[in-house]
Amino acid sequence: MCLAIPVQVKEIKNNNRAVVDNNGVNFEASTNLVENLKVGDFVLIHAGFIIEILTRDDAREKLALLEEFYQKTGRGKNGRE
Amino acid sequence: MAESDKNKIKSLADAIRDLVDDTPITLMEVCGTHTMAIARYGIKSLLPASLDIVSGPGCPVCVTSAQDIQFAIDLANQKDCLVATFGDMIKVPGESSNLGSAQNVEVVYSPFDALEMARQNPGKEIVLLGLGFETTTPLIASLIKSAASSNLGNFSVLPMHKLVPPALKLLVADHDSKLDGFILPGHVSAITGTGYFEFLETAGIGGVVSGFTSLDIMESIYVLIADIIAGRTRVLNNYERVVRKNGNPKAFNLIWEVYEPEDSKWRGIGTIPASGLHIKDKYEDLDANCKFELKKREVEEPKGCICGEILMGRKKPKDCRHFGKTCTPLYPVGPCMVSSEGTCAAWYKYHKE
Amino acid sequence: MEPKIITINHGAGGRLMHEFIHDSIVAHLGNSKLDKMDDSSVLQNYPHKLPVLTTDSYVVHPVFFSGGDIGRLCVCGTVNDLAASGAEPLALTLSFILEEGFELEKLDKIIASIGKTAKEAGVEIVTGDTKVVEKGKGDGIFINTAGLGFVDPGVSISSHNTLPGDLVLVTGPLGNHEMALFKDRENMNFQYSVQSDVTPLNLKVKELLAHTRNIHTIKDPTRGGLASALTEIAQNSQVRIELEEEKIPVDKEVKAMCDLVGFDPLYLANEGKYIIVCPPEETPKVKAAFGSETTVIGQVEKGQPDLILNTASGGNRRLIMMENIQLPRIC
């Protein structure tokens, strides 16, 4: 229901705005809905607002069911690229 | 797409086929973006025939009632009024027309743009359509707070928000419903947390919070099927790079600072108790329902539309007398046709001949 | 100083109109036929060729956009329509419908752009017309052009001629025109470098046909994009077309914007690209004429008319003609 995509924070401005980048497309987004934002963070953008900060790859916990599945099929531990 | 991801998708498709083994299973996704993604990636072509994925009431725009839309159209046709909306709303029908043919309508990408429009056009009343589920509502709530603190007199919001759980509760309470599990909305969950959907477990039906890549969706279908086959009923989180157990509390709490629940009419489904939101008295100056002399008027909802029953999985589009005749993608009647990949729109596309 | 603007008198047939035609139109577009200022132009005939005629109207907003303007567009659109039949464009007509108040300086820039683009394409503007409508009854400027070209009778290129066994090519990345317009048109604060691809393609078609006539279909995927144009070809030729999603070229920034606002690049408008359908052995010649960005994106098969996309994820889906224009969405 809600189109949101990951983008990277380039610059944090002082008016609750941040410049974000999506593969060469740059725009300002509102930082009103998140806390502890840092330059370089990957964040989720929905309609011009940052709605969440993404967890780093190495900090992720995959579902046990999928861990098992990928181990069984020899497709590696981490489910995603 | 990376070769390794393609291989994973292929193994998941094989594993799903083995698990399902011709058992009839129906999963429902309740997120318009999942609907679109499943169609875009051609996911259904990777699944066994006995596994059906149906689209639930996952498009907050599509379920807006004709009465609410007509009020937005009426406002947009007032002199000195400018209605700002997301593009999704443009073709949803009101009484006899849609916002696309109204006089003063501006499509915005971000609700923030509407606030800017108000600052730049002091002589105009800017009305932002407050659309969306729990993902979008905090954005609008934050704007209402900003507008209130900056005393922007020419800005208001017409709230049309919907909440997800009341609709899901209606679906799971229905004894005729043939649903075996839910693919749960990843971006609503980003705000609300996975706990918000745990009521499903007590209702006896499981679900998985999913992301939106083709691999995310295939993984989610796999874990859901594995649970269904094993007889486990639980809510899992397969979007852990974004979704936390308690979501984004700052955003979620904003909703309840500005809004409170009210009964709300869903197009094609009817009134669902406490499934909508109205703006609290504290912010009534910013509520378009209070601000204008023009008021909502009674508008008859389309008669004979069976979207509600299609969403419940009880009926198919071909059972509807409107389907393909008075209800087409260009002139949609119910939400299943309004959403471009909704059940009826998809049927129209693929079963027309 | 107030900018000079178009008034009702610029279209009224009197002195102002004559001055405008002389100072602006003839100055930028002049040639032996237009300079005569007769009511119509007498053109050369090619007795062994067939005349090809087309027309198109241009209402693009904004009139100046990244990579082009309405003037360049009104030449390219019509020239490319002619060349899609294999014709060599010879002459264009040019009609303006101007809204009272439109700035003369802008109009002059547009006419200069028309002159430059016509020269690039090797066509002449041979006759024209200017009308002015009252303020509020137009959108600044509308342009209509009609084009006349000639095609060799041995060339038969049509959306009805696609055959099973053919390959489908596109001559470059898709969606740049519409995404450039989007950046300029909508007040949306996105910064990116995509430019419109608006370009005349007739000289490339001429080069291609000098090397082979065995080309079945050429079509420009303008409004409605690739998917709508190929649906039409599948219908008209009664064939099944299968596309490979991973082979369809889309620039990184266009893709990024599509993800952000929820657009499908297969439905975005292009103004400088062709879909070319031909037997497999002709594809090197198409690539030689249209350049290194030209890519095979699919193949044509026997069967019920249909357009199928084999997705990058390994699935497939049917593509249909565009039902509604794409608007930024949240769902």
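Just so we're clear, the structure is a prediction, and the values are computed from it rather than from any experiment. Both backbone and side-chain heavy atoms feed into the values below; hydrogens, waters and symmetry mates do not.
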Inset, instruction - Walk me through it: do B/H187 and B/F212 pass the test ring-ring contact (aromatic ring centres under 6.0 Å, His included)? - result: CA-CA 9 Å; B/H187 294 143; B/F212 297 85; 4.2 Å; yes
Legend entry - Atom group of A/I45 that falls short of 4.5 Å from chain B, counting heavy atoms: side chain
Legend entry - Under 3.5 Å donor-acceptor, B/S275 side chain and B/K162 backbone: no
Inset, instruction - Look at B/S142, B/G211, B/G132, B/A37 and state which one has the largest set of heavy-atom pairs under 4.5 Å with chain A. - result: B/S142
Can you give me every donor-acceptor pair (side chain of residues 248-259 of chain B, partner residue at least two apart or in another chain, under 3.5 Å) with its distance?
residue, atom, partner, partner atom, Å
B/N248, OD1, B/K250, N, 3.2
B/N248, OD1, B/A251, N, 3.2
B/N248, ND2, A/L33, O, 2.9
B/N248, ND2, A/I51, O, 2.8
B/K250, NZ, A/N32, O, 3.1
B/K250, NZ, A/V34, O, 3.4
B/N253, ND2, B/P249, O, 3.1
B/E257, OE1, B/K145, NZ, 2.7
B/Y259, OH, B/H161, NE2, 2.7

Legend entry - Side chain, backbone, both or neither of A/L63 within contact of chain B (heavy atoms, under 4.5 Å): side chain
Legend entry - Heavy-atom pair with the smallest gap, counting every atom of B/P111 and A/A47: CD-O, 3.3 Å
Legend entry - Part of B/N237 within contact of chain A (heavy atom distance under 4.5 Å): backbone
Inset, instruction - Can you sort out the partners of B/Y222 under side-chain hydrogen bond (donor to acceptor under 3.5 Å, both in side chains), two or more places apart, ordered by chain and number? - result: none
Legend entry - Contact class of B/I191 relative to chain A, heavy atoms under 4.5 angstrom: side chain
Inset, instruction - Begin from the C-alpha positions of B/S214 and B/M1 and carry the test side-chain contact (heavy atoms from CB on, under 4.5 Å) through to its verdict. - result: CA-CA 10 Å; B/S214 47; B/M1 179 182 284; 3.1 Å; yes
Inset, instruction - Quick one: pull up CG in A/D41 and CG in A/L54 and give me the separation to the nearest 0.5 Å. - result: 9.0 Å
Inset, instruction - Under 4.5 Å heavy-atom distance to chain A, tell me which part of B/L131 shows up: side chain, backbone, both or neither. - result: neither
Legend entry - disulfide (SG to SG under 2.5 Å) partners for B/C62, two or more places apart: B/C59
Inset, instruction - Test the B/R241-A/F42 pair against the cation-pi criterion, namely NZ or CZ under 6.0 angstrom from the six-membered ring centroid and within 45° of the ring axis. - result: no
Legend entry - Close approach to chain B in residues 4-11 of chain A, criterion heavy atom under 4.5 Å: A/A4
